[in-house]
Amino acid sequence: LMDEPTNHLDAGTVGWLTNYLMSQTDTTIIVVSHDTPFMEDICTDIIHYEQRDVWGPYRKLVHYKGKMSQFVEKQPQAKHYFELATTDLKFVFPDPGRLEGVKTSTQKFLDMDGVDYKYPGAAENTLT
């Protein structure tokens, strides 16, 4: 079971992961991901959680044989689940402006001494 396995991976590592998963021919791998090209490369079957009018208020897992593109051909309304570009969703963040009391872009506004960090299980500090 893999939940968003390509998040925070560079392109080379995504390629390695894709090749590795494709080499697992006698293994069932369940992947949840919003990375459409990755899913297109690795999927042989899609299990989609959906609702249909005939089921009333209930939802079911429905099996579709084939890659992501074949699934979207059969269920065109599902395209927006897998491609953020097809949505009109827009994120707008306010301009943070300057910090109170900071007059120039080169003025130091935070000073820290005696701070370090060690990953759990590590023998030495990573940051000092």
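Not counting sequence neighbours, Phe93 has no partner by the ring-ring contact (aromatic ring centres under 6.0 Å, His included) test. Evaluation of the salt bridge (Lys or Arg N to Asp or Glu O under 4.0 Å) rule for Lys103 yields no partner, not counting sequence neighbours. Residues satisfying the side chain to side chain contact (heavy atoms under 4.5 Å, CB included) test with His8, not counting sequence neighbours, are none. Remark: Asp111 engages Lys108, Asp113 in a side chain to side chain contact (heavy atoms under 4.5 Å, CB included) (not counting sequence neighbours). Under the rule for a ring-ring contact (aromatic ring centres under 6.0 Å, His included), the partners of Tyr64 that lie at least two apart in sequence or sit in another chain are Phe71. Partners of Asp95 by side chain to side chain donor-acceptor pair (under 3.5 Å), not counting sequence neighbours: none found. Partners of Met22 according to the side chain to side chain contact (heavy atoms under 4.5 Å, CB included) rule, which considers only residues two or more places apart in sequence or in another chain, are Thr18, Ile42. Under the side chain to side chain donor-acceptor pair (under 3.5 Å) criterion, Asn19 pairs with no residue at all, not counting sequence neighbours. Considering only residues two or more places apart in sequence or on other chains, Ile29 meets the side chain to side chain contact (heavy atoms under 4.5 Å, CB included) condition with Met2, Leu21, Gln24, Thr27, Val31. Legend: residues meeting ring-ring contact (aromatic ring centres under 6.0 Å, His included) with Tyr119, ordered by chain and number and at least two apart, are Tyr117.
Other members of the hydrophobic cluster containing Ile30, listed by chain and number, are Leu1; membership follows side-chain contacts under 4.5 Å among ILVMFWY residues, whether direct or relayed.
Contact detail for Ile46 and Gly66: the closest heavy-atom pair is CG1-O, 3.8 Å.
Heavy atoms of other residues, nucleotides or ligands lying less than 6.0 angstrom from CD of Glu124 number 12 at most.
Between atom CZ of residue Phe38 and atom CG of residue Asn7 there is a gap of 10.5 Å, rounded to the nearest 0.5 Å.
No continuous path of hydrophobic side-chain contacts links Val32 to Leu61 [ILVMFWY only; heavy atoms under 4.5 Å].
Identified under the salt bridge (charged side-chain N to carboxylate O under 4.0 Å, His left out) test for residues 37-52, with sequence neighbours left out: Asp45-Lys65, Glu50-Arg52.
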